[in-house]
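These notes are about the structure you will find just below.
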Amino acid sequence: MPEPLMAAPDSPLRLLPKVELHCHVEGTARAATVAELAAKHGIPLGVDDPDDLYTYESLADFLNAFGTVCSVFLEPADFHRLAYEAAEDAAAAGTRYREMFFSPGFHLDRGVPFHRMWEGLVSGIADGETDHGVRTRLILDVDKPKGIGPAMALLEVARSLDRDLLIGVGGDSTEQGLDHHMFEPLIAEAQQLGLKTCFHCGEDGPAENIAIMVEAGIDRIDHGTRLLDLPDLTKRVVDERIPLTSCPGSNVEIGVVESLEAHPFVDQRAAGALVTLNSDDPTFFRYDLADEYERMSATFDLDMAEMVAIRDNAIEASWLDETDKAALRAEFAAS
Ligand code: ADE
Ligand code: ZN
């Protein structure tokens, strides 16, 4: 029996073809894979049961666990496996197209050269698409607490990467103690290079951080949980149709929102915002995108038509061109 509020294998919401815009590849790492790679490389995980890695009560706890999980990916084959299994699990959730973060900062810190991670991710994504039919493109995520220097250095590396695969630049980790104005040059330079931009903001920090990043010109807001705290900003986000990649389950697990019932997703939608539904770090939270859809549908009594409209928001909010969006809509309508 599936657990309550999880999407069964034959659930219409699991079978619904979906698009995901906010998911970290490292946040898809299976506990069994992490344990196997840790053993292969002789890396201590500090727990007997790898499942125990995925428990935390705050964003700081979560980021610690995220770092530990990152530490087992060292060789191209490890990153290949990570990206391949991400596609396999995405297919099981009904995801057909995904714009997915990767976080080089965590791996560079451990002496893994950029090209090793890139080579593995690229081949894992290609094989994952061939075998599981999930098309994936990548967003390079900078680790915000490292500051603007390392962020700009990563953007330099991004210059030479395949633009069919690398489509954007984002920023994650905590907002605490960070003046988000410092990232303005990163956004400007990334856009100069023809990359799309997004930033985690208004998650564990105030709506003012969303305002700073919107003013800087970001193309998408990641989380944006605090948006409604600022009515003028909300109006701008609605009027300019700047999408939000909301991750309600993640917000509850990490503790920035008390419960799913208390999450502003539905209110943001009612205010006219272009809100999308995403899993963020599915293995860390122990449910996938289909479960996220199921839980939101059950919690807020959203019927299938509304869930399809929410899914369609993700097509609109994606960074596909209009031809590809139309093709995806046609593919989804036919399935
Ligand atoms: N990195 C991965 N998931 C994250 C989250 N929810 N918030 C900030 N940084 C993250
Ligand atoms: Zn995230």
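Both counts, for ligands and for their atoms, begin at 1 and track the order of listing.
With hydrogens and angles left out, the side-chain atoms of Lys144 and His180 include a donor and acceptor closer than 3.5 Å. Residues Thr33 and Glu85 bring a donor and an acceptor atom of their side chains to less than 3.5 Å of each other. With hydrogens and angles left out, the side-chain atoms of Asp222 and Thr245 include a donor and acceptor closer than 3.5 Å.
Under the ring pair (Phe, Tyr, Trp, His ring centres under 6.0 Å) criterion, no residue pair touches residues 292-322, with sequence neighbours excluded.
Checked against His107 for a ring pair (Phe, Tyr, Trp, His ring centres under 6.0 Å), the options Phe66, Phe79, Phe102, Phe114 give a single hit: Phe79.
Salt-bridge annotation for Arg226 and Glu175: absent, with no side-chain N of the basic residue lying under 4.0 Å from a carboxylate O of the acidic one. We find that Arg135 and Glu129 are not joined by a salt bridge, their nearest charged nitrogen and carboxylate oxygen being 4.0 Å or further apart. Using a 4.0 Å cut-off between charged nitrogen and carboxylate oxygen, Asp312 and Arg329 do not count as a salt-bridge pair.
Protein N/O/S atoms found under 2.8 Å from the Zn ion (ligand 2): His22 NE2, His24 NE2, His200 NE2, Asp280 OD1.
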Please set out all donor-acceptor pairs under 3.5 angstrom arising from side-chain atoms of residues 162-172, sequence neighbours excluded.
{"unit_1": "Asp162", "atom_1": "OD1", "unit_2": "Asp164", "atom_2": "N", "d": "2.8"}
{"unit_1": "Arg163", "atom_1": "NH1", "unit_2": "Leu193", "atom_2": "O", "d": "2.6"}

Would you mind writing out a table of all protein N or O atoms found under 3.5 Å from any N or O atom of ligand 1, naming both atoms and giving the distance to 0.1 Å?
{"unit_1": "ligand 1", "atom_1": "1 (N)", "unit_2": "Asp172", "atom_2": "OD2", "d": "2.9"}
{"unit_1": "ligand 1", "atom_1": "3 (N)", "unit_2": "His24", "atom_2": "NE2", "d": "3.4"}
{"unit_1": "ligand 1", "atom_1": "3 (N)", "unit_2": "Asp281", "atom_2": "OD2", "d": "2.8"}
{"unit_1": "ligand 1", "atom_1": "6 (N)", "unit_2": "Glu203", "atom_2": "OE2", "d": "2.9"}
{"unit_1": "ligand 1", "atom_1": "6 (N)", "unit_2": "His223", "atom_2": "NE2", "d": "3.4"}
{"unit_1": "ligand 1", "atom_1": "6 (N)", "unit_2": "Asp280", "atom_2": "OD2", "d": "2.7"}
{"unit_1": "ligand 1", "atom_1": "7 (N)", "unit_2": "Glu203", "atom_2": "OE1", "d": "2.7"}
{"unit_1": "ligand 1", "atom_1": "7 (N)", "unit_2": "Glu203", "atom_2": "OE2", "d": "3.1"}
{"unit_1": "ligand 1", "atom_1": "9 (N)", "unit_2": "Ser173", "atom_2": "N", "d": "2.9"}

